[in-house]
Each structure stands twice: as C-alpha cells, then as structure tokens.
Amino acid sequence: MAHPLVFVIAPSEALPGGEASWDELVAAQRQGPSEAFALRLFTAAGTTTEQLPALPWDGQISGGASRLLCDAVIPRFQPDGNTMAVYQRGSDPGRLLCLDRFPLLQANNETCWFYPTHDGVFLSWERSLALDLQPGVVAEEAQHLVPESYERGHLTLLWSLLADDDHLTCVGLTYGGQRILWPQTLGHPQAMATWSLFTVDTQAEVSLSVSATQVVARPA
C-alpha cells in the first residue's frame with residue numbers, strides 16, 4: 001500500500017486547501033519548479049585547460065583516464081519563492097486532504113555531502129533543462145521507515161556544495177530522513193553547457209580552486 005502522504009511544492013495561491021483530487025495536485029505541482037540542471041562529475045587527472053573547448057556538449061566522455069563519479073538531474077526547488085503543501089490519502093483514493101501549508105524556507109535545513117568527497121582534480125559538466133514535476137512521495141523502498149502520521153518537523157531541505165560551487169544549493173527534500181521523490185519529465189535542454197576543471201585539496205589554505213571554465217555550444 002502506498003504511503004498516505006503526498007507533497008506538493010508550488011506558489012501558495014496554486015495549492016488547494018481542504019480536499020483535492022489527484023488531478024488538482026498534479027495541476028498545482030505544474031505551477032511549481034519548472035527548471036533543473038543536469039550535473040556530471042568526472043575524475044580529471046592529466047586533463048589540461050586547453051582541452052576544455054573540445055569536450056562534448058552532451059557531457060558524454062568515454063574512454064581515457066576520466067571516470068564518471070556523478071550523473072544527476074537536480075530540480076531548482078527555489079525555496080525562497082515556493083510553498084510546501086502536504087496532503088493525505090484516505091479511504092477514497094480519488095480525494096486527498098490538505099494537512100499543512102507553509103513557506104518552503106520554514107522547513108528544517110540540513111547539509112549533505114555531494115561529489116567530490118575526496119581530494120583530486122575533477123571535471124564538472126552542467127546544463128540547464130526544462131522540467132515537469134509530479135507530486136512528491138517517499139521512495140517506495142523506504143516507505144516503511146517513516147511514520148504515516150504527519151509532523152512538520154519531519155520535513156527537511158537538503159543543502160550541498162556542488163562541484164566547484166562556493167555556495168550551497170538545495171538538492172532535495174526528505175521526510176523522516178528518507179528522500180522524497182518527484183517523478184519528472186524532462187524538456188529540451190538549453191543549447192549551451194558548461195565544463196569546469198577544478199582541484200580539491202583539503203590540506204591547502206583554499207581547498208577548492210577552479211583552473212578554467214568553458215561554455216560549449218550544441219553543434220549546429
């Protein structure tokens with residue numbers, strides 16, 4: 001049986017109160033985050049800055065010394081401009097009851113590790129995407145690990161440093177310590193992608209240094 005809680009992130013005025021149908025929640029979620037970015041990280045020992053302009057627009061590196069460490073699509077949840085609403089399934093599967101609505105920034109915050117997690121030289125590839133999200137649910141394999149009764153304190157925003165960033169990015173949400181999944185359909189990617197070559201050295205005075213950044217365009 002599916003976990004009874006369903007999560008929707010959208011502007012406050014788009015979120016139905018009281019009872020709502022699943023179709024109404026889908027429509028509300030479509031007014032929420034609509035952008036994402038694809039991120040890939042590779043080991044890059046031996047890679048030089050002169051090689052960046054020749055790297056592929058689609059982020060596909062095969063062979064050579066580079067090894068794929070991370071391949072993720074991260075929605076831009078925009079916590080400062082959206083509201084979280086929590087709904088509960090009941091005996092009528094077609095109707096869900098709104099349990100809570102609050103500004104997303106009021107959720108608990110937690111930092112988490114993202115790649116890279118060790119010293120070395122790395123390549124990052126990033127490309128912006130259009131996105132269509134469905135309402136969120138706790139991952140199926142973890143649903144037995146979280147309480148069925150709702151408490152706002154169980155919701156947490158996850159923040160992380162990504163690749164060569166020097167600021168934290170919201171990379172997801174959890175409920176009861178378990179990841180909330182937002183089924184997604186990806187739209188057309190932007191015609192540009194960005195490659196960066198950077199070094200992580202935790203013993204250095206400045207642990208992160210970016211050697212070069214290169215924007216590459218989709219071939220005509």
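- In this structure a side-chain-to-backbone donor-acceptor pair under 3.5 Å is missing from W57 to P219.
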### Query
side-chain contact (heavy atoms from CB on, under 4.5 Å) between V137 and I180: does it pass, once the steps are laid out?
CA-CA 5 Å; V137 293; I180 299 173; 5.9 Å; no
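- A tilted orientation is assigned to the rings of F7 and Y175, their planes being inclined by 30° to 60°.
- Put simply, CG on L104 and OG on S12 are 12.0 Å apart, with the number rounded to the nearest 0.5 Å.
- At least one donor-acceptor pair under 3.5 Å links the side chain of Q29 to the backbone N or O of I9.
- If you take CD on Q214 and CD on E50, they are separated by 11.0 Å, rounding to the nearest 0.5 Å.
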### Query
So E19 and L96, side-chain contact (heavy atoms from CB on, under 4.5 Å) or not? Walk me through it.
CA-CA 5 Å; E19 284 194 341; L96 297 93; over 6 Å; no
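- With S124 contributing its side chain and L41 its backbone, the two residues share no donor-acceptor pair below 3.5 Å.
- Judged by distance alone, with hydrogens and angles left aside, the side-chain atoms of Q143 form a donor-acceptor pair with the main-chain N or O of H3 at under 3.5 Å.
- R127 forms no cation-pi arrangement with F37, by the criterion of a distance under 6.0 Å to the ring centre and an angle within 45° of the ring axis.
- In the model, T213 has a side-chain atom that pairs as donor or acceptor with a side-chain atom of S196 under 3.5 Å.
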### Task
Could you walk me through whether T199 and L208 pass side-chain contact (heavy atoms from CB on, under 4.5 Å), step by step?
CA-CA 6 Å; T199 300; L208 174 71; over 6 Å; no
### Task
Check the pair F42 / F122 against ring pair (Phe, Tyr, Trp, His ring centres under 6.0 Å), numbers first and verdict last.
CA-CA 6 Å; F42 303 84; F122 304 93; over 10 Å; no
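- In this structure, CG on D100 lies 4.0 Å from CZ on R152, to the nearest 0.5 angstrom.
- Between L197 and T47 the shortest heavy-atom distance is CD2-O, 3.7 Å.
- With rounding to the nearest 0.5 angstrom, the CG atom of L155 is 8.0 Å from the CG atom of N108.
- Relative to the ring axis of W195, R40 does not place its NZ or CZ within 45° and under 6.0 Å from the centre.
- For the pair Q106 (side chain) and P103 (backbone), a donor-acceptor distance under 3.5 Å is absent.
- The environment of CZ in R67 is sparse: at most 12 heavy-atom neighbours from other residues, nucleotides or ligands sit within 6.0 Å.
- The shortest non-hydrogen separation linking N82 to A10 is OD1-C, 3.4 Å.
- At least one donor-acceptor pair under 3.5 Å links the side chain of Y87 to the backbone N or O of P16.
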